[in-house]
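Reviewing the structure listed below.
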Amino acid sequence: SNSVENLFQLYHPERDFTFILEQEVESIRCMPLLLLESLLSATKAIEIDDDIVNGWWFLALSHQELGDLDEALDALNKTIDRAPYFANGWARYGAVLQMLGADEDEKYSYHMSSQEAFEEAVELDKKHVPALTALSTIYSNCNSDDPGEIDKEIDEIGRASCRERV
């Protein structure tokens with residue numbers, strides 16, 4: 001694993017490699033090497049062309065899988081800046097915001113809410129199941145004086161999704 005650490009440090013001298021080494025022994029054998037390869041490939045692609053959407057997307061996925069959520073969020077922000085029509089990018093952005101607890105944390109106040117990100121994903125793809133699922137959870141958890149209003153919102157999303165299928 002020393003050569004892997006050296007390779008990682010070559011491309012990311014500012015990053016600490018120990019978070020990979022702290023994982024379970026079994027996962028060190030397979031998963032981090034694949035993630036490291038993805039991380040390095042995405043980084044190289046971005047160095048060649050900063051506007052390459054797939055580079056930012058795979059960088060975000062790699063960072064998220066490694067548990068580096070702030071880096072994942074930054075890469076997702078760059079992904080949706082470059083590809084505002086990419087529903088998966090918006091949905092993943094919302095998911096990472098939720099994982100970070102960003103909706104309640106002032107540190108992330110310059111980001112949109114996870115709900116807004118999921119709504120953008122659904123606007124772009126009415127059948128986007130992860131975004132629809134996340135929105136139904138958000139709507140059902142919100143504090144409303146009228147619980148029937150939440151049911152109406154969820155019902156409307158479901159009807160819109162059904163209309164798209166027909």
Side-chain angles (χ1 to χ4, degrees), residues 1-23 27-28 30-138 157 160-161 163-165:
S1 93
N2 203 14
S3 62
V4 173
E5 182 173 359
N6 291 341
L7 187 60
F8 184 87
Q9 292 300 318
L10 177 69
Y11 285 97
H12 292 283
E14 77 288 357
R15 301 284 312 285
D16 183 14
F17 186 75
T18 55
F19 66 94
I20 292 177
L21 300 178
E22 290 168 357
Q23 296 182 18
S27 63
I28 289 175
C30 350
M31 196 64 162
L33 296 178
L34 294 173
L35 289 172
L36 182 60
E37 183 180 347
S38 175
L39 194 68
L40 295 177
S41 297
T43 301
K44 268 301 191 200
I46 292 164
E47 286 173 4
I48 293 167
D49 180 1
D50 187 61
D51 285 330
I52 190 161
V53 175
N54 280 341
W56 290 109
W57 174 243
F58 286 109
L59 186 67
L61 296 177
S62 300
H63 280 303
Q64 182 185 357
E65 191 63 35
L66 288 167
D68 194 353
L69 298 180
D70 283 314
E71 291 287 335
L73 190 64
D74 288 341
L76 285 164
N77 202 31
K78 290 179 174 136
T79 300
I80 58 179
D81 278 350
R82 287 158 178 77
Y85 52 84
F86 184 40
N88 285 340
W90 287 101
R92 184 67 61 136
Y93 186 67
V96 171
L97 285 167
Q98 282 187 328
M99 290 176 198
L100 285 165
D103 292 338
E104 295 82 33
D105 190 337
E106 278 297 312
K107 174 182 169 186
Y108 301 99
S109 62
Y110 59 95
H111 289 278
M112 66 173 44
S113 71
S114 60
Q115 179 177 335
E116 290 169 314
F118 291 127
E119 287 171 346
E120 185 65 33
V122 171
E123 184 70 29
L124 293 165
D125 178 0
K126 303 285 189 236
K127 301 175 194 173
H128 199 284
V129 174
L132 288 166
T133 303
L135 281 174
S136 70
T137 302
I138 289 169
I157 289 173
S161 179
R163 281 194 299 268
E164 291 292 317
R165 283 191 214 124

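This structure is a prediction, so every number in the text was calculated from the model and none was measured.
For the residue pair A45 and G55, the shortest heavy atom distance occurs at CB-CA, 4.4 Å. When every heavy atom of F118 is checked against every heavy atom of G94, the shortest pair comes out as CZ-C, 3.3 Å. Closest approach of D125 and A87 over heavy atoms only: CB-CB, 3.8 Å. Smallest separation of non-hydrogen atoms from P84 and L124: O-CD1, 3.3 Å. Contact between S114 and I138 at its shortest, heavy atoms only, is OG-CD1, 4.1 Å.
Here the CD atom belonging to E120 is positioned 13.0 Å from the CD atom belonging to Q115, to the nearest 0.5 angstrom. Remark: I52 CD1 to F58 CZ distance equals 10.0 Å, nearest 0.5 Å. Note: L40 CG to E47 CD = 9.5 Å, rounded to the nearest 0.5 Å. Taking CD from Q64 and CG from L76, the interatomic distance works out to 7.0 Å, rounded to the nearest 0.5 Å. Taken from OG in S109 to CG in D103, the straight-line distance is 11.5 Å, to the nearest 0.5 Å. A distance of 6.5 Å separates CG of L39 from CG of L66, quoted to the nearest 0.5 Å.
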Assess the residue pair W90 and M112 against the criterion (side-chain contact (heavy atoms from CB on, under 4.5 Å)); give the C-alpha distance rounded to whole Å, side-chain angles, the decisive distance to 0.1 Å, and a yes or no. CA-CA 11 Å; W90 287 101; M112 66 173 44; 3.4 Å; yes
When you look at L61 and S38, which way does the side-chain contact (heavy atoms from CB on, under 4.5 Å) test go after all the steps? CA-CA 9 Å; L61 296 177; S38 175; over 6 Å; no
Could you give me the CA-CA distance, side-chain angles and deciding distance for W56 and D50, then say whether side-chain contact (heavy atoms from CB on, under 4.5 Å) is met? CA-CA 8 Å; W56 290 109; D50 187 61; 3.2 Å; yes
Please assess E119 against E123 for the test side-chain contact (heavy atoms from CB on, under 4.5 Å), listing each intermediate value before the final yes or no. CA-CA 6 Å; E119 287 171 346; E123 184 70 29; over 6 Å; no
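Counting heavy atoms from C-beta on, the side chains of F86 and I80 never come closer than 4.5 Å. Using a 4.5 Å cut-off on side-chain heavy atoms (C-beta onward), V96 and H63 make no contact.
Under the 30°/60° scheme for interplanar angles, the aromatic rings of H111 and Y108 are found to be tilted.
Of the candidates N54, D74, I46, L59 forms a side-chain contact (heavy atoms from CB on, under 4.5 Å) with just one, namely I46.
Residues N88 and H128 have side chains that bring a donor and an acceptor to within less than 3.5 angstrom of each other.
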